[in-house]
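Single-structure report; data block below.
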Amino acid sequence: HSMSESPSAQWPAGSGVEYLYAAGLWIGASVNGLPSVSTGYPETEFYPPLDERETIYRSFEGDYGGNRYPRKADDDGDGLVDEDWLNGRDDDGDGLIDEDFAGIGKQMFSCWFTDDQPNASSIWPEHSPMHLHVRQESYQWGEEQYNNFVATHYEITNIGNDFLTSVYIGIYADVDAGPVNYGSYHRDDHVGLWEGAHCAIWGNGQKPINMSIAYVYDNDGDDGLTPGYFGIMPLGYAFRGFGTNYPPSSSLATFRTFQSLLSFEDGGEPTNDFERYQVLSSRVKDPDSDVANDYRILISVGPIGYLPPGATIVFDLAYVCGEGLDGMIENASRAKLVYDGTWHDADNDPSTGINGRETPVAGPLK
């Protein structure tokens, strides 16, 4: 596999110590009364079309065509803002490609995929697609106080004809903490969930930030080689469609843990859509592990009551590392500050917006 040697939640960079084997997006819903779940891992049901343009595009804040507010965000002067996102295609039909998108962070990756490509159905014959189009972007920052997390942004659109109801969005992760040259490093981990408020440094003061972080750490620290905690944290999710724009919620619905080599009934991972939707929508938060083992974890947000054809759900999360639990929590709070962003008076009218300001801009405080 061309990516098999690539680092996966390696922390610190270059250390050879990693905290994640693989993770994937899960989207579950009720379709005409039947539960359905499309998964990115361990069963790869999301694929891009077989087209040479379908690759992962790389950019950065300030790249050509990537201006965003408070700079002149309408890069091509057509009156629209960020209407031609970074995907190698002419999305707005003006003959130009990727000429007006939002470049975020020091390094940004962009791609898209659906759950109804023909190769998914041929590899997983039991998979029943919900006809979902997923736009995925990830952002990294280089500043020292912001370089211990990666943010991921999903826009999930119903491109089919079915009304999807009771929608849950989740991340399923096989978390493994340790040096990759240790053969059995993945077998002695603990997993848990931290929820609460943390006072993050905000300008010259502090600001309480509410967070839910599912995390993994090594049982014995591998003789000091693996001091980190690695967490997955929802930043916010919201329904967007037909003129409605709801403010994002960051509340976590579900946290589940699974041990390898066990049946689903005995605490192992789910293996069909009924079991997958059952755990996604269970609204259960499992206790922290009490025995070191090889774990998988699942977090989910929702439910979003319905997703009609043409509507979109936006979901943002952060993957974060830090030294010890406290270090991870501190770095996670910085990720949440970046997500919450800064607000600007976008229309130069102090009587509109909230205290005159309309537009949140994700990123370090300017």
**Message:** Clusters formed by hydrophobic residues whose side-chain heavy atoms approach within less than 4.5 Å: which one holds I56, and what are its other members?
**Reply:** F109

**Request:** Tell me whether I169 is reachable from V150 by hopping between hydrophobic residues (I, L, V, M, F, W, Y) whose side-chain heavy atoms are closer than 4.5 Å.
**Result:** no

**Prompt:** How far does CE of M211 sit from CG of L252, to the nearest 0.5 angstrom?
**Reply:** 13.0 Å

**Request:** Apply side chain to side chain donor-acceptor pair (under 3.5 Å) to S38 and E45, showing your working.
**Result:** CA-CA 6 Å; S38 291; E45 296 169 340; 4.6 Å; no

**Message:** Among F230, Y229, Y19, which residue satisfies the side chain to side chain contact (heavy atoms under 4.5 Å, CB included) criterion with Y215?
**Reply:** Y229

**Message:** Parallel, tilted or perpendicular: which one describes the rings of Y306 and F163, with boundaries at 30° and 60°?
**Reply:** parallel

**Asked** So do F113 and C111 actually touch side chain to side chain, heavy atoms under 4.5 Å?
**Response** yes

**Donor-acceptor pair between H198 and E330 side chains, under 3.5 angstrom** = yes

**Asked** Considering only heavy atoms from C-beta outward, does the side chain of D116 approach that of I159 to under 4.5 Å?
**Response** yes

**Asked** If only atom types and distance count, is the side chain of N331 paired as donor or acceptor with the main-chain N or O of C321 below 3.5 Å?
**Response** yes

**Prompt:** How about M108 and S138: do any of their side-chain heavy atoms sit closer than 4.5 Å?
**Reply:** no

**Message:** Please check: side-chain N/O of D115 versus main-chain N/O of F46, any donor-acceptor pairing under 3.5 Å?
**Reply:** no

**Message:** Does atom CG (D220) have a neighbourhood of more than 12 heavy atoms from anything else shown, all under 6.0 Å?
**Reply:** yes

**Asked** With distance as the sole test, does Q278 use its side chain to make a donor-acceptor pair with the main-chain N or O of S282 at under 3.5 Å?
**Response** no

**Pair E137-Y139, side-chain donor/acceptor within less than 3.5 Å** = yes

**Request:** Identify the heavy atoms of H190 and A292 that sit nearest to each other, and give their distance.
**Result:** CE1-N, 3.4 Å

**Request:** Determine, using the 4.5 Å side-chain heavy-atom cutoff (strictly less than), whether V314 and V167 are members of one ILVMFWY cluster.
**Result:** no

**Asked** Parallel, tilted or perpendicular: which describes the rings of W112 and H133, with under 30° parallel and over 60° perpendicular?
**Response** parallel

**Item:** Centroid separation Y237 to F315 less than 6.0 Å
**Value:** no

**Prompt:** If we only count heavy atoms from C-beta on, is the S36 to S128 side-chain gap below 4.5 Å?
**Reply:** yes

**Prompt:** Is a side-chain donor-acceptor pair under 3.5 Å present for W141 with N147?
**Reply:** no

**Asked** Just how far is it from atom OH of Y146 to atom CD of Q140, taken to the nearest 0.5 Å?
**Response** 16.0 Å

**Asked** Should L337 and I209 count as side-chain neighbours, where that means a heavy-atom distance under 4.5 Å?
**Response** yes

**Asked** Which is it for R256 and V284 under the side-chain contact (heavy atoms from CB on, under 4.5 Å) test, yes or no, and what are the steps along the way?
**Response** CA-CA 7 Å; R256 302 297 300 268; V284 167; 4.1 Å; yes

**Item:** Derivation and outcome, side-chain contact (heavy atoms from CB on, under 4.5 Å), residues I171 and Y319
**Value:** CA-CA 11 Å; I171 296 291; Y319 298 91; 3.8 Å; yes

**Request:** Could you grab the distance from atom CZ of R296 to atom CG of D174, nearest 0.5 Å is fine?
**Result:** 4.0 Å

**Asked** When you measure from the side chain of S249 to the backbone N and O of S251, does any donor-acceptor pair fall under 3.5 Å?
**Response** yes

**Asked** Cluster partners of Y41, using ILVMFWY side-chain heavy atoms under 4.5 angstrom, listed by chain and number?
**Response** Y21, W26, V37, Y168, Y172, F258, F264, Y277, V279, L280, L298

**Request:** Say whether T39 and R276, considering side chains only, have a donor N or O and an acceptor N or O under 3.5 Å apart.
**Result:** no

**Value rounded to 0.5 Å, distance of CG in L34 from CG in D273** = 10.0 Å

**Request:** For the residue pair L307 and I313, establish whether any side-chain heavy-atom pair is separated by less than 4.5 Å.
**Result:** yes

**Asked** Would you call T157 and L132 a side-chain contact if the rule is heavy atoms closer than 4.5 Å?
**Response** no

**Prompt:** Quick one: does D162's side chain have a donor or acceptor within less than 3.5 Å of a partner on L164's backbone?
**Reply:** no

**Request:** Could you tell me whether the side chain of S333 and the main chain of A200 form a donor-acceptor pair under 3.5 Å?
**Result:** no

**Request:** Could you tell me whether a side-chain N or O of D189 sits under 3.5 Å from a main-chain N or O of D294, the two making a donor and an acceptor?
**Result:** no

**Under 3.5 Å: donor-acceptor pair, side chain of N293, backbone of Y295** = no

**Fill in**
On a heavy-atom basis, the closest approach of Q117 and P49 is OE1-CA, 3.5 Å

**Prompt:** Checking E275 side chain against T271 main chain: does a donor-acceptor pair fall under 3.5 Å?
**Reply:** yes

**Message:** Rounded to the nearest 0.5 Å, what separates atom CG in D218 from atom CG in D188?
**Reply:** 4.0 Å

**Asked** Is the count of non-hydrogen atoms from other residues, nucleotides or ligands lying under 6.0 Å from N161 atom CG greater than 12?
**Response** no

**Members besides Y47 in its Ile/Leu/Val/Met/Phe/Trp/Tyr cluster (side-chain heavy atoms under 4.5 Å)** = I123, W124

**Q259, CD atom: more than 12 neighbouring heavy atoms under 6.0 Å** = yes

**Request:** Could you tell me whether the side chain of R334 and the main chain of N148 form a donor-acceptor pair under 3.5 Å?
**Result:** no

**Nearest-0.5 Å distance that lies between atom OG1 in T152 and atom CG in L317** = 5.0 Å

**Request:** Apply the test side-chain contact (heavy atoms from CB on, under 4.5 Å) to residues M328 and I213: give CA-CA distance (whole Å), side-chain angles for both, the deciding distance (0.1 Å), then the verdict.
**Result:** CA-CA 9 Å; M328 179 195 72; I213 314 166; 3.8 Å; yes

**Prompt:** Between N119 and S122, is any side-chain donor less than 3.5 angstrom from a side-chain acceptor?
**Reply:** no

**Prompt:** Regarding T312 and E155, is there a side-chain donor-to-acceptor distance under 3.5 Å anywhere?
**Reply:** no

